[in-house]
Amino acid sequence: MTRTVDHDSTGTPGARPSTGSAVAGVHQHGYERLRPVMRLWYLWWLSRSRHVLSPRDEPTARTSARDADTVLIVGNGPAHGWGVSTHDQALVGQLSRASSEATGRPCSVDYVGDEMMSIESTRAWIRDTDVGLYDTVVVLVGLNDAVRLTPLDVWERELRLLVSTIARRSHPTARTVLVGVPPVRSAKAFDSLLGSVAEQHGERMNALTELVASEAGLEYFRLPAGLRRPDSPHGCAEGYRRWAQTIAHRIAPTLDRVHQGQLDERLPRHLPQRSFEWSGGERLVEQAATGGSDALKDLAKEAEAEFGVDVAVVSMLDGSKLWYAMNTELLPVSIPRELTFCDVTVAADDVVVVEDARKDERFAENPYLDLNHGYFYAGHPIHSSTGETIGTFCLHNTRPRKASSVSPEKLREFALRAEAELQSYEPAPAAPQPLTRRARREAEERAAAAAGTPAAPFGFPV
């Protein structure tokens, strides 16, 4: 599930090392000794959250209006949409409507991220996003970094790199807004004594975020505590509406300046539609949004029992992303390809087994590993009907295991069954259409010319 990512150079503006501020501090705060405990607590919560409602549909709210404002949300936590079933109910749709109310203009909003995105992996998540298409980029990252007690120097360094990356790739008229971590204990999952530790750490992260924003000339603000209802303790549409209104109020003046004062520099924004290289990709992703096909879900459960692993899953690698065909209650709908084990399996077009990713130089420094603790991996490639390697059947386990614990032959059996299912997603080839009389005549003339014999009149034999 993870793979090492490259790091951008720190030689660009906004990406300089920590200023050595008193907020970051040279020493480690006493509570930070709890970091191993907090990381395990977060992992435990993730494992328990598989039945919590969250969106699985396409994270966009688009309008066809030519003069629409365009906003990109990069985030996790509040941006993920816990407690609601669609992105229209979550921050994406709510911000599109709230921004339109604030400016009087239509607004298209896209979201890039996931609960499993951390500050260290954020640049990988946005790598294939054309940031230059957006008027404003809203960065709302950090809740899981607060819970996991990401070191403050790491937070500041990675935030500076992210700000630099966005600035370098944005349109000259665009603006970036940094949003602080909301009170951690306002989330039901973290309303506890350990949540108080995370909230304290989040406050220190926010101080650093404000510092980075000030130095880079960016706007910074914080969201209020989330709204919790007895019938929707993990989040609700009204709560996301209130957050959206807060954000819309803060970004409306920026959107107005871009729209009114710099129209001559503002390029038409044509946000791209999602597309896939493999012909069955769209159908697979649509099914995954509702849990995946029964055949693939049953196959995954059978494999989990057969191999005794935490998760078995079918993945599709398409372009720069990996998409999961099922088990998205535990796994993101999609993740950057460069963070995955499966990218190695597809490149090798052979079985790949990783006993302990922490000891494997290909994956040990991968930031995604710190979130999912998926240390063991075994994957077998899956092919399309025309022979291209399009994905994998893979096994994940939080505890390391010996390679001998997985039979390559048995893994291949499961992969071939998954392959047959995926190939059935490919559209059937169009049936050949009967030739018209003219087409038959032209074909016969070409054949006759090639053979050096005269063609028959009106298609009858000579």
Report the C-alpha distance between T398 and D310 in whole Å, list the side-chain angles of each, state the deciding distance to 0.1 Å, and finish with yes or no for side chain to side chain donor-acceptor pair (under 3.5 Å).
CA-CA 7 Å; T398 54; D310 296 326; 3.0 Å; yes
Step by step, work out the side chain to side chain donor-acceptor pair (under 3.5 Å) result for T345 and Y377.
CA-CA 10 Å; T345 303; Y377 167 88; 2.8 Å; yes
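- Counting only distance, with no hydrogens or angles, the side chain of S49 and the backbone of L46 share a donor-acceptor pair below 3.5 Å.
- Looking only at side-chain heavy atoms (C-beta outward), V147 and F190 come within less than 4.5 Å of each other.
- Here E203 pairs with R222 in a salt bridge; the nearest charged N to carboxylate O distance falls below 4.0 Å.
- Using a distance-only test at 3.5 Å, with no hydrogens or angles considered, no donor-acceptor pair links the side chain of T129 to the main chain of V131.
- Take R242 and apply the salt bridge (Lys or Arg N to Asp or Glu O under 4.0 Å) test, not counting sequence neighbours, and it matches E238.
- One side chain, T392 or S315, offers a donor N or O that lies under 3.5 Å from an acceptor on the other.
- The ring of Y111 has its center closer than 6.0 angstrom to the ring center of H87.
- Contact check on D356 versus R358 returns a salt bridge, with a Lys/Arg side-chain nitrogen under 4.0 Å from an Asp/Glu carboxylate oxygen.
- Nearest heavy atoms, H80 versus P55: O-CD, 3.4 Å.
- In this structure, T63 contributes its side chain and A65 its backbone to a donor-acceptor pair below 3.5 Å.
- When ring centroids are compared, Y368 and F363 stay outside the 6.0 Å threshold.
- At least one donor-acceptor pair closer than 3.5 Å links the side chain of Q89 to the backbone N or O of S85.
- Ion pairing between D370 and R39 holds under the 4.0 Å rule for side-chain N and carboxylate O.
- A distance-only check finds a donor-acceptor pair linking the side chain of N144 to the backbone of E115 [under 3.5 Å].
- Side-chain atoms of F276 and M316, non-hydrogen and from C-beta on, do get closer than 4.5 Å to each other.
- For R148 (side chain) and R35 (main-chain N/O), no donor-acceptor pair under 3.5 Å exists by modelled atom type.
- Of the candidates L339, V141, I335, D145, V141 is the only one forming a side-chain contact (heavy atoms from CB on, under 4.5 Å) with M117.
- Minimum interatomic distance between S99 and L255 (heavy atoms only, all atoms of both residues): OG-CD1, 3.5 Å.
- For R399, there are no salt bridge (Lys or Arg N to Asp or Glu O under 4.0 Å) partners two or more places apart in sequence or in a different chain.
- Looking at residues two or more places apart in sequence or on another chain, you find a salt bridge (Lys or Arg N to Asp or Glu O under 4.0 Å) between E219 and R250.
- Contact check on R123 versus E158 returns a salt bridge, with a Lys/Arg side-chain nitrogen under 4.0 Å from an Asp/Glu carboxylate oxygen.
- Residues satisfying the side-chain hydrogen bond (donor to acceptor under 3.5 Å, both in side chains) test with D298, not counting sequence neighbours, are none.
- The local environment of CD in E306 is crowded, with over 12 non-hydrogen atoms from other residues, nucleotides or ligands closer than 6.0 Å.
- For T70 (side chain) and D135 (main-chain N/O), a donor-acceptor pair under 3.5 Å exists by modelled atom type.
- When every heavy atom of M326 is checked against every heavy atom of G292, the shortest pair comes out as CB-CA, 4.4 Å.
- Residue pairs meeting the ring-ring contact (aromatic ring centres under 6.0 Å, His included) criterion with at least one partner in residues 199-225, sequence neighbours excluded, are Y31-H201.
- Counting all heavy atoms, side chain and backbone alike, L140 lies closest to G180 at CD1-O, 4.1 Å.
- When atom types are taken as modelled, the side chain of E304 and the backbone of A312 share a donor-acceptor pair closer than 3.5 angstrom.
- Ion pairing between a basic and an acidic side chain is recognised when a charged N comes within 4.0 Å of a carboxylate O; E215 and R160 show such pairing.
- Here the shortest heavy-atom pairing between L296 and A325 reads CD1-CB, 3.8 Å.
- Under the ring pair (Phe, Tyr, Trp, His ring centres under 6.0 Å) criterion, W243 pairs with Y240, not counting sequence neighbours.
- Between the T122 side chain and the S118 main chain, a donor and an acceptor come within less than 3.5 Å of each other.
- Judged purely by distance below 3.5 Å, without hydrogens or angles, the side chains of S100 and R97 never pair a donor atom with an acceptor atom.
- Residues A146 and V184 share a closest heavy-atom pair of CB-CG2, 4.1 Å.
- A donor-acceptor pair under 3.5 Å is absent between the side-chain atoms of S214 and the main chain of L211, judged by distance alone.
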Run the numbers on S320 and R127 for side chain to side chain donor-acceptor pair (under 3.5 Å), then give the verdict.
CA-CA 9 Å; S320 62; R127 200 177 303 281; over 6 Å; no
